[in-house]
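In this text, all values refer to a predicted model and were calculated from it rather than measured experimentally. Each residue takes its place number in the sequence, starting with 1.
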Amino acid sequence: MFEKKVYIQRRAALKSKINSGILLFLGNEESPMNYKDNAYHFRQDSTFLYYFGISEPSLAAIIDLDEDQIILFGDEMGIDDIVWMGRQKTLEEKSLDAGLTKVLPLAELDTYLKRYLDKKRQIHFLPPYRAENKIKLASWLYLPIDQLKEKASLDFIKAVVAQRSVKSAEEIEELDRAAVISADIHLMVMQQAKPGIYERELAAKIQGAALASGGNLAYPVILTVRGEILHNHYHGNQLRDGQLVLNDSGVETALGYAGDLTRTFPVGKKFSAEQKDVYDIVLNAYTQAKNLLAPGVRYLDVHLTACKVLAQGLKDIGLMKGNIDDAVQAGAHAMFFQCGTGHMMGLDVHDMEDLGEQYVGYTDELTKNTTQFGLKSLRLGKALEEGYVLTVEPGVYIIPELIDRWKAANQFAEFINYDKLEQFRNFSGIRVEDDFLVTENGSRMLGKHLALSTEEIEAIRSEAY
């Protein structure tokens, strides 16, 4: 945990943004894999972690804005818990570490909420994403489960988003640490990949290094020679010379802050000529996108710039044609780039995505109102502010099924050279990604430098043999 003053200040700042009512915070429960006592790795709800700092299951809390009190609800360890888990800090001790003085048994939360409902006091809650919390909320507040999302407090959501979006000094230190460890692990993978080994062997090294760092994975490892599959968690392929390895992985620190890096490198010592051409196109888009980051700049414009740089590069090697501005406006570039250029990051690798993309990545002035393929997947469009942390991750992905579908419909034939594209049918994909902090006058990359250019990557790969 951070020092208790951090949590006290965070809660005080939140209280100043909402006028009245009760703010209800639900922690997460243990989630069984196949029976109750065999649970997945526990991960606390990020908003609960942000305001209370206690990473323990079966907790809840309320901030009563009218009566100016904060109550943590949870149960102390019984003898059975101590037998199986060993003596740990008591919940009361943990609450004091978070600057809390009132702790009540979890069963009393229902009584408190019923009392508030009887007095017709407003209970603010955030949209739940775990099934067990949906069930609890529905029971406590007498709401149908399918209405919980629409009944969630918009004032509460917006206040949390505004506060969590701007990272404090201690958060930036954690995010730097996550990025440094993640970069070290990526370098290890570049150094140890060899023809003949399986993806799973490298994925296992990543997971082991993440645990050894004192944290864990921030998200399931994407380590694949099928880089055109954007979130490919299959690790059964054997590496062969001539292929590309796309490694998208990041560490979560012990305090829950995420790193999110991607590098693409050859299985052999060098990129082929075609691979180098496409890699340099992606790297140019990454460079121009990151150079735009600054307060007041809309990330939508950063994304569109990356799209145009990608499209121009693809035109230069014969895969696209026609007017590039028109091609991007129409969405033709999405044959090669089907997702967004980046997203917010922090306690979640896609920061606060559970609170709603329309509130985290967009604003009332800049809403996300497109269904265009590719652009609809941009999670962040709003103007940047100092203290935001986000990713920059352009890529080129050659998806055979997409080629077949669009070619059969003669879609965007004025912009896509389908004959040339057939030669790249089995190319796979390339992505480059780093994490950035928006500063007063621009931005800085978090963590440390990790090989970016084809020359740097080839030097590492040559030493690996």
Side-chain angles (χ1 to χ4, degrees), residues 1-2 4-30 44-76 90-143 145 147-164 256 347 352 354-355:
M1 293 174 68
F2 294 123
K4 71 171 67 175
K5 67 179 182 181
V6 171
Y7 304 105
I8 293 170
Q9 290 167 355
R10 287 174 176 178
R11 293 191 295 266
L14 178 63
K15 287 167 64 178
S16 71
K17 300 299 182 183
I18 303 176
N19 295 326
S20 62
I22 292 90
L23 306 180
L24 173 61
F25 300 82
L26 294 184
N28 283 335
E29 301 283 355
E30 294 276 18
Q44 185 60 284
D45 173 76
S46 291
T47 297
F48 192 93
L49 203 58
Y50 183 84
Y51 290 104
F52 299 95
I54 305 174
S55 183
E56 182 176 307
S58 302
L59 297 178
I62 59 170
I63 296 178
D64 189 327
L65 299 169
D66 304 317
E67 298 182 4
D68 193 25
Q69 66 172 338
I70 303 174
I71 307 173
L72 177 68
F73 293 87
D75 298 322
E76 293 287 1
T90 66
L91 183 57
E92 184 176 0
E93 289 170 331
K94 292 177 181 179
S95 72
L96 291 173
D97 289 341
L100 301 167
T101 57
K102 188 170 184 178
V103 182
L104 294 177
L106 184 61
E108 293 195 28
L109 177 58
D110 187 19
T111 302
Y112 266 78
L113 293 176
K114 284 180 179 176
R115 188 184 308 158
Y116 297 144
L117 288 172
D118 289 343
K119 293 180 179 180
K120 301 191 183 306
R121 297 181 63 195
Q122 184 173 5
I123 299 174
H124 300 270
F125 64 90
L126 299 172
Y129 54 90
R130 289 278 188 101
E132 56 269 26
N133 281 343
K134 291 180 180 181
I135 293 169
K136 286 188 287 189
L137 274 175
S139 174
W140 290 333
L141 304 181
Y142 305 103
L143 290 171
I145 285 179
Q147 289 185 19
L148 288 172
K149 185 175 181 180
E150 67 181 74
K151 295 292 186 180
S153 169
L154 190 55
D155 288 341
F156 195 7
I157 290 170
K158 289 185 174 182
V160 170
V161 168
Q163 189 173 356
R164 284 183 57 190
L347 276 169
M352 300 174 283
D354 58 303
L355 300 182

Are [X] and [Y] close enough that some pair of their side-chain heavy atoms sits under 4.5 Å apart?
X	Y	answer
Q44	F52	no
P127	L148	no
F2	R10	yes
I22	Y112	no
I63	I18	no
L26	W140	yes

Can you see which heavy atom on [X] is nearest to which on [Y], and at what distance?
X	Y	value
L59	G74	CD2-CA, 3.8 Å
S95	L72	CB-CD2, 3.8 Å
R11	A98	NH2-O, 2.7 Å
K17	A159	CB-CB, 4.0 Å

(request) Output yes when D118 and K114 qualify as a salt bridge under the 4.0 Å nitrogen-oxygen rule, no when they do not. (result) no
(request) Answer yes or no: is there an ion pair linking R121 with D64, defined by an N-O contact shorter than 4.0 Å? (result) yes
Any donor-acceptor pair under 3.5 Å linking the side chain of [X] with the backbone of [Y]?
X	Y	value
N133	G27	yes
H124	S20	yes
E76	E92	yes
S16	A13	yes
E93	T90	yes

(request) Scan I8, I62, L100, L23 and name whichever one has a side chain to side chain contact (heavy atoms under 4.5 Å, CB included) with I70. (result) L100
(request) Would you please indicate if the ring centroids of F73 and F25 are separated by under 6.0 Å? (result) no
(message) Would you say that more than 12 heavy atoms from the other residues, nucleotides or ligands in this model lie under 6.0 Å from the NZ of K151, or not?
(response) no
